[in-house]
Amino acid sequence: MRDLWQTLRTSGLVLSLIAMILSCVLISQRGLELGQDFTGGYVTEFQLAQDISGDELQHQLAPHVSGEFRLSAQGALHWQVFQPPHNDRPTPLSWHTQLPDNLGVEILDSRFVGAQIGAELIEQGGLALLVSLLAVGLYLIVRFEWRLAVSASLALLHDVLITLGWFAFTGMEFDLTILAALLAIIGYSLNDSIVIGDKVRELVRAREDCKVSDTINAALSSTLGRTTITSSTTLTTIAALWWLGGASLQGFASALFIGVTVGTWSSIFVSATLPQWLGLSHRNYQRSLSEQEQQQLAEP
């Protein structure tokens, strides 16, 4: 049984590393489908008097909306049209005057989002993500021995990369709500990694005569129930948000669902397994405790 746990953890870590590499390739090759929050463009929100399918409405709009456009449902009878910025596009926000009367179109909002605003959002959002990762990494270094800290930090990077890789693969729109979901994923995965890391540290200190692999297996066994229950209830809530939250929250809920799933995976197969590969031993904590005791004795 111990050998089976060890094989599963090693295989899971290898799969995680492969998934991170594939995510990096997808992001670099395909890129992210940036939403209107980042790219800028013309946004028109409207409401219809009758229920109509998205394909049929797309067919109705195509002859009247110049150039490329993206149609998205915002709720019952509530739709949004986004047109990328284009200097040669004539009166881009007046297409609704040419639609058939039987649709009963009522314009709720028409506006232009400047590209400068989008550039600032990309810069500030990326900076917020980077600062949060650095702050979390610093916290882990202070809290744990460096092998556990590096492993937990890599687990956080793993969760963010795979979530971004999923959006690059599917071509789903990446907007500010997705960026907020990434920050939430970092917090969730950090909590799970700290719980398991604390248990690993506790057992490594207490079981000096045991192999590190057996100690990590015992730590995972004692925390697996909590991890499973926490993840299941969180995913249930996210699924309800995706189902009932409407189209405007589907991207946010999708990002959270992917992030929580891979966050649970990485807590077990990355943050708890990698320290063994880096040479974690009970001697690391013996040496650390000895230094602390020496400092305490040296204080007046």
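Numbering starts at 1 and runs along the sequence shown.
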* Asked: Hydrophobic cluster mates of Leu26, side-chain heavy atoms under 4.5 angstrom, ILVMFWY only, any path?
  -> Phe169
* Sequence-distant partners of Arg30, side chain to side chain donor-acceptor pair (under 3.5 Å), two or more places apart -> none
* Between Ala255 and Ile185, what is the shortest heavy-atom contact and its length? -> O-CD1, 3.3 Å
* For Phe269, what residues pass the ring pair (Phe, Tyr, Trp, His ring centres under 6.0 Å) criterion, not counting sequence neighbours? -> Trp265
* Are the side chains of Val43 and Val81 in touch, meaning some heavy atoms are under 4.5 Å apart? -> no
* Mind running side chain to side chain donor-acceptor pair (under 3.5 Å) on Gln276 and Arg9 for me, showing each step along the way? => CA-CA 11 Å; Gln276 180 183 337; Arg9 290 195 295 108; 3.1 Å; yes
* Exercise: identify the closest heavy-atom pair between Lys199 and Ser222 -> CE-OG, 3.2 Å
* Is any side-chain heavy atom of Thr215 less than 4.5 Å from a side-chain heavy atom of Lys211? -> no
* Structure fact -> Taken in chain and number order and not counting sequence neighbours, the residues that satisfy side chain to side chain contact (heavy atoms under 4.5 Å, CB included) with Trp79 are Phe46, Leu48, Leu57, Leu71, Ala73
* Asked: Is there a side-chain contact between Glu33 and Phe174 (heavy atoms, below 4.5 Å)?
  -> no
* side chain to side chain contact (heavy atoms under 4.5 Å, CB included) between His158 and Ile162: does it pass, once the steps are laid out? -> CA-CA 6 Å; His158 164 275; Ile162 292 183; 3.1 Å; yes
Enumerate, atom names and distances included, each donor-acceptor pair closer than 3.5 Å involving a side-chain atom of residues 17-24, sequence neighbours excluded.
residue	atom	partner	partner atom	Å
Ser23	OG	Ala19	O	2.9

* Could you pull out all residues at least two apart from Thr264 that satisfy side chain to side chain donor-acceptor pair (under 3.5 Å)? => Ser231
* **By side chain to side chain donor-acceptor pair (under 3.5 Å) - contacts of Asn191 (at least two apart)** => none
* With Thr10, which residues qualify under side chain to side chain contact (heavy atoms under 4.5 Å, CB included), at least two apart? -> Gln6, Trp277
* List in chain and number order the residues that pass side chain to side chain contact (heavy atoms under 4.5 Å, CB included) with Ala272, two or more places apart in sequence or in another chain; answer none if no residue qualifies. => Ile196, Ile216, Leu220
* Any sub-3.5 Å donor-acceptor pair from Ser193's side-chain atoms to Leu190's backbone N or O? -> no
* Could I get the full list of side chain to side chain donor-acceptor pair (under 3.5 Å) partners for Ser189, not counting sequence neighbours? => Asp159
N/O donor to acceptor pairs below 3.5 angstrom from side-chain atoms of residues 234-245, sequence neighbours left out:
residue	atom	partner	partner atom	Å
Thr234	OG1	Thr230	O	2.7
Thr236	OG1	Ser232	O	2.8
Thr237	OG1	Thr233	O	3.0

* Structure fact -> The side chain to side chain contact (heavy atoms under 4.5 Å, CB included) partners of Val150 (sequence neighbours excluded) come to Trp146, Leu278
* Answer yes or no: is there a side-chain heavy-atom contact under 4.5 Å between Met172 and Gln250? => no
* Looking at side-chain heavy atoms only, is the closest gap between Ile268 and Thr223 below 4.5 Å? -> no
* Structure fact -> Heavy-atom nearest pair, Ser271 first then Ala152, reads CB-CA, 3.9 Å
